[in-house]
J.: 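Have a look at this one.
Per chain, numbering begins at 1; letters A, B, ... match sequence-line order.
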2 protein chains.
Amino acid sequence: MQLHKRDVVEAATSLLDDYGIADLSMRRLARELEVSPGALYWHFANKQQLLGAVADRVLQPVGAPAGDWRTRVAGICAQLRDALLSHTDGAELVSASFAAGQSAVMADVLGRLVDAAVDAGVATANAELTARTVVYYVLGFTVDEQSRRQWDAAGAELSEGPSLLTDDPGARFDFGVQLLIEGILARRAQRV
Amino acid sequence: MQLHKRDVVEAATSLLDDYGIADLSMRRLARELEVSPGALYWHFANKQQLLGAVADRVLQPVGAPAGDWRTRVAGICAQLRDALLSHTDGAELVSASFAAGQSAVMADVLGRLVDAAVDAGVATANAELTARTVVYYVLGFTVDEQSRRQWDAAGAELSEGPSLLTDDPGARFDFGVQLLIEGILARRAQRV
DNA sequence: ACCTGAACACCGTTCAAGT
DNA sequence: ACCTGAACACCGTTCAAGT
């Protein structure tokens, strides 16, 4: 039976969920699909490109929220974080794929953030950087959050009851998002 | 002659500068030092730890600027970016080591940013996140900047003269730093 | 204490050759 | 068009044994 891109991405995603990004290798993926390693290179130019496709699969649930620019920025951030946390090492995967310019969906998300920045009144010359700043925050925060989560999901029962200092990642995340939104507000209508 | 940690880190840094992070392997480093691969594991527990030591070497020039909190934040950001741009793939290396919790110097830098945030009036519960947000920005921005720089340092003479859209990375970097500073200002004196 | 030698268990990628 | 088989050129890490 023929191998399709979609099957490959599907298998890669379940490998990711079950064993994490360190064990998501081309050879192991090929083994799982019962094909030779070389077969994957008919469908994908290299591993980076394949990981980019997996990243886009992870990002499928991220939509285009409506509302004023603040609502949209906050909505995109929240949806992004949720999507990343839904897969083992999702934040790390998407972060790497974004940096490598291999995620089409991240490019779309960036575009929506650019629109929101423009609507906020940021000069077009600065809108892209404003959008990137938001993305850097969401990825950085979530990579960190996820590695901590996964770290004490192992070694679980040894830890103290309600974790240290009433840790509420959601609230912490929102604090940063609001910081950025206020920063955007302050930098709007900047003379180019 | 005895192999010391400092020699290893020195050799690793020059391998980094000459060939980039992808070619900085334990085996290649051992070959350069004319020891067996196993010898490195007497001095470092694993590759992550060694890379952390290299990251700290890269970060040596980053100091503790004086002044009011805004000046300190801006100064730390600028020094951090300069240090990262001074070595091939420096931003990527430090970003990875920071995420893995392997850079002592980044921990120090974070501490100074926490102090600045507290001085700005951010509640202590939010100061760490505020500091991390700044770090996420500097690392994200500089990884991106450096990959672009290195990409068109190859394929050089083919490109247009003054690059696209009067690209001034320094000015763009400062815009983001100011956005963050204004965000911090807006979120100071937050009720805990 | 510090290092070698050799092994273990892998990698990503390419490419002639097959169907 | 799509895939196999086999190779190429590597990895990180461990560990008995040597000095």
J.: Taking atom CG of L113(B) and atom SG of C77(B), what is their separation to the nearest 0.5 Å?
T.: 6.5 Å
J.: Considering only side-chain heavy atoms of V35(A), which listed nucleotide, dT4(D), dT4(C), dT13(C), is closest?
T.: dT4(D)
J.: Whole-Å distance between dC11(D) P and D23(B) CG?
T.: 8 Å
J.: Please give, in whole Å, the distance from dA6(D) C1' to Y41(A) OH?
T.: 15 Å
J.: Can you figure out which of dT4(C), dA7(C), dT14(D) approaches the side chain of R27(B) most closely?
T.: dA7(C)
J.: Could you state the NE2-P distance from H43(A) to dC2(D), rounded to the nearest angstrom?
T.: 7 Å
J.: Between R28(B) (CZ) and dC11(C) (P), how many Å, whole number?
T.: 23 Å
J.: Write down the distance between OH (Y19(B)) and P (dC11(D)), rounded to a whole number of angstrom.
T.: 13 Å
J.: Determine, step by step, whether D119(B) and R72(B) satisfy the salt bridge (Lys or Arg N to Asp or Glu O under 4.0 Å) criterion, reporting the C-alpha distance in whole Å, the side-chain angles of both residues, the deciding distance to 0.1 Å, and the verdict.
T.: CA-CA 11 Å; D119(B) 281 9; R72(B) 270 145 57 215; 3.1 Å; yes
J.: What is the distance, rounded to the nearest whole Å, between atom CD of Q49(A) and atom P of dT13(C)?
T.: 10 Å
J.: Looking at dT14(D), which nucleotide sits across from it as a Watson-Crick or G-U wobble partner, both distances under 3.5 angstrom, or is there none?
T.: dA6(C)
J.: Using heavy-atom distances to pick each residue's nearest nucleotide on DNA chain C, tell me which of S25(A) and G38(A) is more 5'.
T.: S25(A)
J.: Distance check: side-chain N/O of Q2(B) vs OP1/OP2 of dC2(C), anything under 4.0 Å?
T.: yes
J.: Taking all non-hydrogen atoms of both residues into account, name the closest pair between W69(B) and L185(B) and its distance.
T.: CZ2-CD1, 3.7 Å
J.: Rounded to the nearest Å, what distance is computed from the CE atom of residue M26(B) to the P atom of nucleotide dT4(C)?
T.: 14 Å
J.: Just to confirm, is there a sub-4.0 Å distance from OP1 or OP2 of dG5(C) to any side-chain nitrogen or oxygen of S36(B)?
T.: no
J.: Between S14(A) and D17(A), does any side-chain donor sit less than 3.5 Å from a side-chain acceptor?
T.: no
J.: Closest nucleotide of DNA chain C for L24(A) versus for W42(B): which of these residues is on the 5' side?
T.: W42(B)
J.: Please give the distance between the P atoms of dC10(C) and dA9(D) as a whole number of Å.
T.: 23 Å
J.: Please determine whether a side-chain nitrogen of the Lys or Arg among R6(B) and E10(B) lies less than 4.0 Å from a carboxylate oxygen of the Asp or Glu.
T.: no
J.: Scan every strand shown for a Watson-Crick or G-U wobble partner of dA1(C), both distances under 3.5 Å, and answer none if you come up empty.
T.: dT19(D)
J.: Check the distance between dC11(C)'s P and R31(A)'s CZ and give it to me in whole angstrom.
T.: 6 Å
